[in-house]
2 protein chains.
Amino acid sequence: MGVSFADIQEAAARIRPHVHRTPVMTSRCADEAGGIQTFFKCENLQRGGAFKIRGAANFLLSIPAADIGRGVVAFSSGNHAQAVDIAAVIRGTKATLVMPYDAPQSKVDATLSYGGQIVRFDRLKEDREAIGRCIAEQTGATLVPPFDHEWIIAGQGTAAVELLEETGPLDALAVCVGGGGLLSGCAVAAKALDPSIRVFGIEPALANDWALSVEAGHPIEIPPPATIADGLRPTRPGKITFPIVQKLVERIILVSEEEIIEAMKFLLLRMKILVEPSGAVAAAAVLKRKLPPEIRSVGVVLSGGNVDWAALKEL
Amino acid sequence: MGVSFADIQEAAARIRPHVHRTPVMTSRCADEAGGIQTFFKCENLQRGGAFKIRGAANFLLSIPAADIGRGVVAFSSGNHAQAVDIAAVIRGTKATLVMPYDAPQSKVDATLSYGGQIVRFDRLKEDREAIGRCIAEQTGATLVPPFDHEWIIAGQGTAAVELLEETGPLDALAVCVGGGGLLSGCAVAAKALDPSIRVFGIEPALANDWALSVEAGHPIEIPPPATIADGLRPTRPGKITFPIVQKLVERIILVSEEEIIEAMKFLLLRMKILVEPSGAVAAAAVLKRKLPPEIRSVGVVLSGGNVDWAALKEL
């Protein structure tokens, strides 16, 4: 149990040939808006449009050869699905994705274009986790969890390694938190590289399960949140991710829906890069000056960029 | 008269401390769509949001010390205005921008934020060139032309130098053409670095003054074009840019308004970067496979990224 820096370094070596080393962007406008020197790790420019390929590739490349031939299965209609799909091509196996009937057609098309097989289900009547587990049991496919697994966490942590290799020491790191895979992995990496760095988790105020859980000292479940940041809708912290965050993350910071949209627009119109709402959450906290004022430099992970035209128009 | 590669190298050294060395992006999706290995020079990530700062900075830094104190003047409500404004700060002088009363407020605000002074005029009744020249004569300010000047052309050519330094030899270069400053500067640079490179100018079919002029063998004026690519609306080739293009550019390629919008959406949704319509014109030609089929690799200059929210929504 738990994830060490060595796990993350091994993950980095394992996935290096298959994922992009995404650029780190800076912007005078952003520095002025946030009052902090800010370094943006552009995981919106990652393969599959999000950081998720890091964990998925590490996971699939860690599956024993004896098992990989039976394929993998994941339940997701979001970035994790696409990542598992790409990772299946990398590992030379087949992916089955369990998606609701009402998943956006663009996600379905993207999945099919990589060769993944889709199993549809009725979101109101059926339990996708149960369907996923059933497929795994019947076919011998390996279930790829979206966040709560050491291999996934170690993979996501490679984003912070690359960021800090490029920037050198920073006062702080700001990372969004949904299931906690990215935040816990990045926290382990950052603290190993520099024990004095301060790590902050950012989540929508509408999806405040992490803030409540950290305050309570144990994972707390919330009702399905209505936040626009669809990647951050898991309703409770993971069993593995929670204790890591509890130990290494200084504080969970909340941002409003308006602040998320404003940050998305800032990144788009001023910095010319497209991030999805979840991808703008950590940036929103920095641009709105929610970090302690003595912090002079911060790394921000822009976690993904998958927005479709219709969603963009609605903003 | 004319611009040499030495002029461009001097410009590069002169402006280096003041402009961004913008990234060169690649994308598997784009390579597949266009059927060519494509390298995008991201001038949408340049200071002021467009390549224009290269020429403006080179121009202002070339003005003799005896003259610079009287300031500079430019007539533009677009990217050239913002570039002159930033260049004035770099050179430590004052810029006056002649803009129509109906210029978008965002452009006016951006100009004022850099400290530029704005003179408004009535687009239907007054001639902004005449106003600009009048201000220059009365105040002794130096007029900064948008494209048809050796210093401007040499500055714009530095974009191609950076691109080719990063990629090594390419089969072709695709550059949008409005007044011809960017295209002529890039053509001089590219041909000097590699005489076998093939250079293509791309313009909207609705603003086909260059295609007509090259065919006729002399500059031809067209009525004000209604293209969405507002940066490419000059109605005739420049006196200095035309002969350079005539000599070094293989062909002018036309793209439709739909192709421009489609390329913008591709760059935004697939590659996660925002370009303005003019900035997508060269990419549209490549994505729509309008280059000769034997070309295997191409550099594309994404010339700018200044779009406001309202314009984006209208697409």
Side-chain angles (χ1 to χ4, degrees), chain A residues 18-30 32-33 40 42-51 53 79 82 86 89 104 106-107 109-110 113-114 166 261-262 264-276 279-280 302-315, chain B residues 18-30 32-33 40 42-51 53 79 82 86 89 104 106-107 109-110 113-114 166 261-262 264-276 279-280 302-315:
Chain A
H18 308 293
V19 308
H20 295 324
R21 187 180 174 98
T22 54
V24 175
M25 276 184 69
T26 58
S27 147
R28 213 173 289 212
C29 299
E32 279 168 18
F40 296 96
C42 293
E43 289 295 295
N44 58 327
L45 303 179
Q46 186 52 266
R47 282 189 74 183
F51 72 94
I53 186 63
N79 293 332
Q82 221 162 315
I86 298 171
V89 175
S106 59
K107 298 275 184 186
D109 291 345
S113 79
Y114 286 112
E166 201 138 330
I261 293 171
E262 209 183 305
M264 254 185 92
K265 286 191 182 177
F266 184 96
L267 292 162
L268 184 61
L269 300 178
R270 306 294 293 269
M271 291 179 61
K272 320 298 180 193
I273 52 173
L274 180 66
V275 298
E276 59 189 87
L302 302 176
S303 58
N306 292 323
V307 192
D308 59 25
W309 194 248
L312 200 58
K313 273 189 120 163
E314 261 178 40
L315 295 180
Chain B
H18 307 293
V19 308
H20 295 324
R21 187 180 174 97
T22 54
V24 175
M25 275 183 71
T26 58
S27 148
R28 213 172 290 212
C29 301
E32 280 169 18
F40 296 97
C42 294
E43 289 295 294
N44 58 326
L45 303 178
Q46 186 51 269
R47 282 190 75 183
F51 72 94
I53 185 65
N79 292 331
Q82 222 163 312
I86 298 172
V89 175
S106 59
K107 299 275 184 185
D109 291 345
S113 79
Y114 286 111
E166 202 136 330
I261 293 171
E262 210 184 302
M264 254 185 93
K265 285 190 181 176
F266 184 96
L267 293 162
L268 184 62
L269 299 177
R270 305 296 291 272
M271 292 180 57
K272 321 300 179 191
I273 52 174
L274 180 66
V275 298
E276 59 189 87
L302 302 176
S303 59
N306 292 323
V307 193
D308 60 25
W309 194 248
L312 201 57
K313 274 188 119 163
E314 262 178 41
L315 293 180

Practice problem: Give the intermediate values and the outcome of side-chain contact (heavy atoms from CB on, under 4.5 Å) for residues B:I273 and A:K272. | Solution: CA-CA 6 Å; B:I273 52 174; A:K272 320 298 180 193; 5.9 Å; no
Exercise. Answer whether the closest heavy-atom distance between the side chains of B:L268 and A:L268 falls below 4.5 Å.
Key: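 Sidechains of A:L268 and B:L268: in contact.
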Quiz item: Tell me, side chain or backbone of A:R47 under 4.5 Å from chain B's heavy atoms, or both, or neither?
Solution: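 The answer is the side chain of A:R47.
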Practice problem: Would you mind checking which part of A:M25 comes under 4.5 Å of any heavy atom in chain B, side chain (CB onward), backbone (N, CA, C, O), both or neither? | Solution: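 Side chain of A:M25 only, per the 4.5 Å heavy-atom cut-off to chain B.
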Practice problem: Test B:N306 against A:L269 for side-chain contact (heavy atoms from CB on, under 4.5 Å), laying out the working first. | Solution: CA-CA 7 Å; B:N306 292 323; A:L269 300 178; over 6 Å; no
Quiz prompt | Gap between atom CZ of A:R270 and atom CG of B:L274 - 0.5 Å precision | solution = 13.0 Å
Exercise. With a 4.5 Å cut-off on heavy-atom pairs, point out which of B:M271, B:K265, B:H20, B:R28 contacts chain A the most.
Key: B:K265
Quiz item: What are the two closest heavy atoms between B:W309 and A:L312, and how far apart are they?
Solution: CZ2-O, 4.1 Å
